[in-house]
A.B. asks: 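Have a look at this one.
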Amino acid sequence: MVSRIIPVEDFDLVIFGVTGDLARRKILPGLYRRFVAGQFPPGAAIVGTSRTAQDDGAFRQDAASAIRDALGQGVDEARLAEFLAHLRYVALDVRGETGWDALAALIRPGVIHAFYFSVAPGLFGDIAERLAKNGITDGQSRIVVEKPFGRDLASARALNRTLARYFGESQIYRIDHYLGKETVQNLMAVRFANMLFEPLWNAQYVDHVQITVAETVGVGGRGEYYDHSGAIRDMVQNHMMQLLCLIAMEPPYHFDPDAVRDEKLKVIRALEPVAPRDIVRGQYLAGPDGHGYLDDAENPASRTESFVALKVRVANWRWTGTPFYLRTGKRLRARTSEIVVTFKEPPHSIFDEAAPRANQLVIKLQPNEGMHLNVMIKEPGPGGMRLAQVPLDMSFAEALGPDGTDMPDAYERLIMDVIRGNQTLFMRGDEVEAAWAWTDPIIAAWEAGQIRPEPYDPGSSGPEEALRLLHRDNRRWREIRA
Ligand code: BG6
């Protein structure tokens with residue numbers, strides 16, 4: 001299946017913090033790939049800014065090496081040279097007053113203007129204010145802001161208020177890169193473009209749902225940031241919440257940004273507060289390399305969690321009675337993100353020899369994107385009716401042919417959506433605030449109780465207590481495997 005490339009309208013994209021890690025690892029390589037895919041109009045301009053004093057030539061050289069580092073063999077040097085011709089550079093300190101005129105001079109009238117704030121959230125307000133004050137932005141400009149969007153409800157509200165001083169909600173693109181992942185969007189296609197699942201998608205037929213985002217890496221060089229966040233702020237409040245919303249939401253009346261986001265918001269608002277006994281926090285111990293979380297965080301007294309598992313209830317007509325179990329952690333057994341929908345067992349077995357087991361729909365987000373539906377069949381051969389559970393397997397790479405393996409990275413898709421003006425895969429301000437309103441009491445309870453996370457071994461599935469969270473309900477986690 002050949003994917004269709006639809007070029008976007010002519011644009012100027014300004015990246016603040018262009019020498020930073022995100023720009024070098026994701027944004028610039030992603031733009032290069034979209035350029036090669038044929039999505040750029042001929043005049044498209046990318047303007048990088050940072051405090052570093054350098055000219056266009058030096059910036060282009062640095063961008064080229066970032067792209068080569070990120071994409072390795074995937075870089076075509078001739079195409080890279082063509083791409084680099086679209087890049088310009090302006091040195092400016094976002095808290096200073098110089099450089100803005102030079103930036104303004106590069107912005108072309110009559111094309112789409114997008115401003116990517118790839119900087120610490122503490123600088124968002126400074127950039128917004130100076131862009132407006134210098135007449136660089138207008139009512140048509142778009143801004144892209146990265147996570148973390150606040151660290152609690154109060155700070156997220158304050159940030160929303162600051163941005164609202166200069167930009168309307170329809171101009172603000174809050175990135176959650178999980179929403180840009182191919183299979184995450186597939187959740188909506190699977191649910192709302194098929195008749196097969198939706199009639200069963202409720203508490204009457206679904207026993208429970210598991211959402212797992214497991215990583216093998218530790219917090220490594222990000223120890224300082226991470227130690228102030230922990231798994232709940234870093235992964236649950238945003239990425240996992242979005243996955244939960246896409247699984248639990250009602251069908252929107254149309255695939256339209258606000259219709260989709262309205263439905264997601266209703267799910268977040270329907271979440272019950274989580275009781276302390278329904279949460280397990282973990283922190284990884286030292287592995288063979290001798291480095292545990294406390295070393296990585298450079299804080300021997302840290303109580304920050306690198307793993308969290310929780311049982312979540314969505315209190316509405318569709319889901320009351322069906323728990324959602326979420327777990328995420330660093331330095332676990334394998335890197336895998338998946339959603340498992342376990343259906344109820346058939347109400348009555350007509351077979352004497354074996355009882356049917358519950359069907360499971362496994363949606364694999366990464367790696368090896370695909371879907372597996374575990375169904376019961378008769379074991380082949382004579383000798384009675386023996387049952388076996390087998391997977392109906394679909395790997396997207398196989399189903400979609402060679403092009404299916406070359407899926408755009410989440411950032412590529414999301415940046416092109418900004419240029420197209422499509423906010424469906426971006427979080428709205430009220431959604432982010434609602435997610436914090438649910439997360440804040442969890443964090444407050446931990447802080448008040450001064451609770452230490454449970455230790456777990458690197459390479460394991462997390463602390464034993466996380467297994468018990470499901471055993472208590474006569475259920476078990478699906479094994480963490482790639
Ligand atoms: C980021 C988190 O948002 O997502 C990281 O800050 C995490 O801690 C990363 O490793 C996971 O993203 P992905 O795309 O690798 O699953």
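Source: prediction; values computed, not measured. Ligands are counted one by one from 1 in listed order, and the atoms in each one are counted from 1 as well.
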A.B. asks: Any sub-3.5 Å donor-acceptor pair from Asp176's side-chain atoms to Tyr178's backbone N or O?
C.D. replies: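 Present.
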A.B. asks: If the plane angle is over 60° it's perpendicular, under 30° parallel, otherwise tilted; pick one for Phe83 and Phe35.
C.D. replies: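 Phe83 and Phe35: tilted rings.
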A.B. asks: Using the salt bridge (charged side-chain N to carboxylate O under 4.0 Å, His left out) rule, pick out the option among Glu263, Glu198, Glu250 that qualifies with Arg191.
C.D. replies: Glu198
A.B. asks: Over 60° means perpendicular and under 30° means parallel, so classify the ring planes of Phe59 and Tyr89, tilted if in between.
C.D. replies: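 Because their plane-to-plane angle lies in the 30° to 60° range, the rings of Tyr89 and Phe59 count as tilted.
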A.B. asks: Do Asp258 and Arg428 meet the salt-bridge criterion of a basic N to acidic O distance under 4.0 Å?
C.D. replies: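 Judged by the 4.0 Å cut-off on N to carboxylate O distance, Arg428 and Asp258 do form a salt bridge.
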A.B. asks: Short question: side chain of Glu412, backbone of Arg34 - any donor-acceptor pair under 3.5 Å?
C.D. replies: no
A.B. asks: Just to be sure I understand the cut-off, which residues have at least one non-hydrogen atom under 4.0 angstrom from an atom of ligand 1?
C.D. replies: Lys147, His177, Tyr178, Lys181, Glu215, Arg222, Asp234, Met235, His239, Lys330, Arg335, Gln366
